[in-house]
Enquirer: 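A single structure is presented below for examination.
Just so you know, ligand 1 is whichever comes first in the structure, and atom 1 is the first atom listed for that ligand. Heavy-atom basis, side chains included; hydrogens, waters and symmetry copies ignored.
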Amino acid sequence: MEDIVDEILRLKRERKAVILAHVYQPEEIQEIADFSGDSFALSRKAAATDAEVIVFCGVRFMAETANILSPDKITLLPAADAGCQMFDDTLEPAVRQMKAEHPDALLVSYVNTPASVKAMSDVCCTSSNAAAVVNSLPKDKEILFVPDENLGSFAMEKCPGHKVICWHGGCPIHQALKREEIEAAKAAHPGALVLMHPECRKELRDLADYVGSTTGIIKYAVESPAQEFIIATEQGVMYELTERCPEKKFYMASRRMLCVNMKKTNLEKVRDALKTLEPRVIVPPEIREKATAALQRMLQITGK
Ligand code: 13P
Ligand code: SF4
């Protein structure tokens, strides 16, 4: 009898689909994916394929970005209720209000936002390029940064002289990391380097040896001559880290770093999405056009 993985692979071929998995996804999902990585890189990879269907194993804003970059492909989000706890429906009206209060300011939005907020933005950024994006903007203009104040403050540290106003949002999983947890991990593994996501609070970032996006953390661990690392981001990255560096040792900074929304995807949902071509994510054309412009401005700045 055909097992579920074989069934998914067969359906994938029949549907001419590509399966994307964010590095926070459960292991069983990362194992079957065509590509794994960070959300924006995955959306770009999918856009460059001739697949007709994108299966985005991640959370809603990620599938929206994939659909913005590939409007002619069907975009499926197997875990239809997977949101991001960094923001909720109040973000869009709050950003509108912020813009009204600062009419001359430029709006920079992290890709972890709904498409409607990207559409209001002058430029988007990722956790890899937030500082480069802010730095490219004029110093005499106010900059509104949404929704993650930790990523905003990380960018500001690298861009002295820029006037940045951060919205008070954040990722509960990264923000919850405690100083005592890092100190305990360092005490238990004195030779290990601490690799941390910029969504963590500044007082914690100051204890890290490297701060960067999930892509940056993985690249750092692969290229570093060090053999032991304390990982301060969502625990899903452990799969890619141990796959890429089987000889190195990785320790989670905290066992609480688990994103429940990222764990809503399972093999059954992926199979059912391929079978039924549902649940779909469709960004309406008027929002898509404006959001595309903000994403393209980011690409012009970073040159990638
Ligand atoms: P990356 O863009 O660094 O993969 O992060 C995505 C995310 O959701 C962080 O919490
Ligand atoms: Fe959102 Fe945080 Fe989960 Fe990333 S880890 S998807 S920012 S809630």
Side-chain angles (χ1 to χ4, degrees), residues 20-26 29-30 33 35-46 56-66 69 77-89 91 108-114 117-118 124-133 145-152 154-155 167-177 195-201 204-205 208 210-221 231-241 252-265 281 295 298 302 304:
L20 311 178
H22 188 269
V23 287
Y24 295 166
Q25 285 287 293
I29 301 297
Q30 295 196 53
F35 301 112
S36 64
D38 69 56
S39 64
F40 191 63
L42 287 173
S43 295
R44 292 186 81 196
K45 275 191 182 148
F56 209 121
C57 302
V59 300
R60 181 160 294 268
F61 77 79
M62 299 181 174
E64 284 185 349
T65 304
L69 298 192
L77 178 64
D81 60 340
C84 169
Q85 289 172 272
M86 189 183 275
F87 58 85
D88 59 21
D89 292 345
L91 180 63
V108 179
S109 65
Y110 186 19
V111 287
N112 295 31
T113 48
V117 171
K118 291 187 179 70
C124 291
C125 73
T126 66
S127 50
S128 305
N129 64 26
V133 168
F145 191 98
V146 300
D148 183 17
E149 62 179 335
N150 294 310
L151 181 63
F154 178 63
W167 196 70
H168 297 302
C171 165
I173 290 97
H174 288 84
Q175 269 184 338
L177 184 64
L195 314 186
M196 190 176 289
H197 198 281
E199 287 173 14
C200 296
R201 290 176 293 122
L204 278 289
R205 295 199 305 265
Y210 170 80
V211 179
S213 64
T214 52
T215 303
I217 288 173
I218 293 164
K219 188 167 182 290
Y220 189 97
I231 302 300
T233 189
E234 210 273 352
Q235 56 181 254
V237 294
M238 294 295 256
Y239 173 78
E240 181 79 6
L241 287 168
M252 277 305 295
S254 161
R255 292 171 59 183
R256 296 178 306 116
M257 298 190 87
L258 187 149
C259 174
V260 282
N261 282 293
M262 280 287 179
K263 308 304 183 210
K264 287 181 176 170
T265 321
V281 171
L295 288 167
M298 168 179 84
T302 57
K304 287 185 202 148

Enquirer: Ignoring hydrogens and angles, tell me if any N or O in the side chain of K264 forms a donor-acceptor pair with the backbone of P78 under 3.5 Å.
Expert: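 Checked: no pair found.
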Enquirer: Quick test: of every protein heavy atom, which one is nearest to atom 4 (Fe) of ligand 2, and how far off is it to 0.1 Å?
Expert: Y24 CE1, 3.9 Å
Enquirer: Under the 3.5 angstrom rule, does the side chain of N261 hit a backbone N or O of G83 as a donor-acceptor pair?
Expert: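 Here the side-chain-to-backbone pair exists.
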Enquirer: Quick check on contacts: which atoms of ligand 2 are under 4.0 angstrom from a heavy atom of N112?
Expert: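 Matching atoms, with element in brackets: 7 (S).
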Enquirer: Could you list which atoms of ligand 2 come closer than 4.0 Å to a heavy atom of C84?
Expert: 1 (Fe), 6 (S), 7 (S), 8 (S)
Enquirer: I'd like to check M62 versus L42 (side-chain heavy atoms, cut-off strictly below 4.5 Å). Are they in contact?
Expert: no
Enquirer: Pick out the protein N or O atoms lying less than 3.5 Å from any N or O of ligand 1, and list each pair with its distance.
Expert:
from	atom 1	to	atom 2	distance (Å)
ligand 1	2 (O)	S127	OG	3.4
ligand 1	3 (O)	S127	OG	2.8
ligand 1	3 (O)	H197	NE2	2.8
ligand 1	3 (O)	T214	N	3.0
ligand 1	3 (O)	T214	OG1	3.3
ligand 1	4 (O)	H22	NE2	2.9
ligand 1	4 (O)	T214	OG1	2.5
ligand 1	5 (O)	H197	NE2	3.4
ligand 1	8 (O)	N112	ND2	3.4
ligand 1	10 (O)	E199	OE1	2.8
ligand 1	10 (O)	E199	OE2	3.2

Enquirer: What do you reckon, does E234 put a non-hydrogen atom under 4.0 Å from ligand 2?
Expert: no
Enquirer: Using modelled atom types only, decide if a donor and an acceptor are shared between the side chain of R205 and the backbone of N150 within a distance under 3.5 Å.
Expert: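 Judged by distance alone, yes, a pair lies under 3.5 Å.
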Enquirer: Counting N and O atoms only, with roles assigned by atom type, does the side chain of K118 sit under 3.5 Å from a partner on the main chain of C124, one being a donor and the other an acceptor?
Expert: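 Answer holds: no.
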Enquirer: How long is the gap from CG on L177 to CE on M252, to the nearest 0.5 Å?
Expert: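 Result: 8.5 Å between the selected atoms.
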Enquirer: When you measure from the side chain of R256 to the backbone N and O of I173, does any donor-acceptor pair fall under 3.5 Å?
Expert: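 Not at all, since once roles are kept as given, no pair shorter than 3.5 Å links the two residues.
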Enquirer: Once ring-ring contact (aromatic ring centres under 6.0 Å, His included) is applied, do any residues pair with Y110, and if so which ones, sequence neighbours excluded?
Expert: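 For Y110 there are no ring-ring contact (aromatic ring centres under 6.0 Å, His included) partners, ignoring immediate neighbours.
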Enquirer: Using a 4.0 Å cutoff against the non-hydrogen atoms of M86, which atoms of ligand 2 qualify?
Expert: 7 (S)
Enquirer: Under 4.0 Å from a heavy atom of C171: which atoms of ligand 2 are those, numbered in the order shown and with their elements?
Expert: 2 (Fe), 5 (S), 7 (S), 8 (S)
Enquirer: Closer than 4.0 Å to some heavy atom of I173 - which atoms of ligand 2 meet that?
Expert: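 Heavy-atom distances to I173 below 4.0 Å select 8 (S).
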Enquirer: Examine distances only and state if a side-chain atom of D38 and a backbone atom of A41 form a donor-acceptor pair shorter than 3.5 Å.
Expert: yes
Enquirer: Is any side-chain heavy atom of F61 closer than 4.5 Å to a side-chain heavy atom of M86?
Expert: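 Heavy-atom side-chain distance check fails, nothing below 4.5 Å.
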Enquirer: Non-hydrogen atoms of M62 versus ligand 2: any pair closer than 4.0 Å?
Expert: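 Heavy atoms of M62 never come under 4.0 Å of ligand 2.
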Enquirer: Using a 4.0 Å heavy-atom threshold (strictly under), name the region of N261 that reaches ligand 2: side chain, backbone, both or neither.
Expert: neither
Enquirer: Between C259 and atom 3 (Fe) of ligand 2, is there a contact where an N/O/S atom of the residue lies under 2.8 Å from the metal?
Expert: yes
Enquirer: May I ask you to identify the nearest protein heavy atom to atom 8 (S) of ligand 2, giving residue, atom name and distance to one decimal place in Å?
Expert: Q85 N, 3.4 Å
Enquirer: Students often mix this up, so state it plainly: with edges at 30° and 60°, are the rings of Y210 and Y220 parallel, tilted or perpendicular?
Expert: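 Y210 vs Y220 ring planes: parallel.
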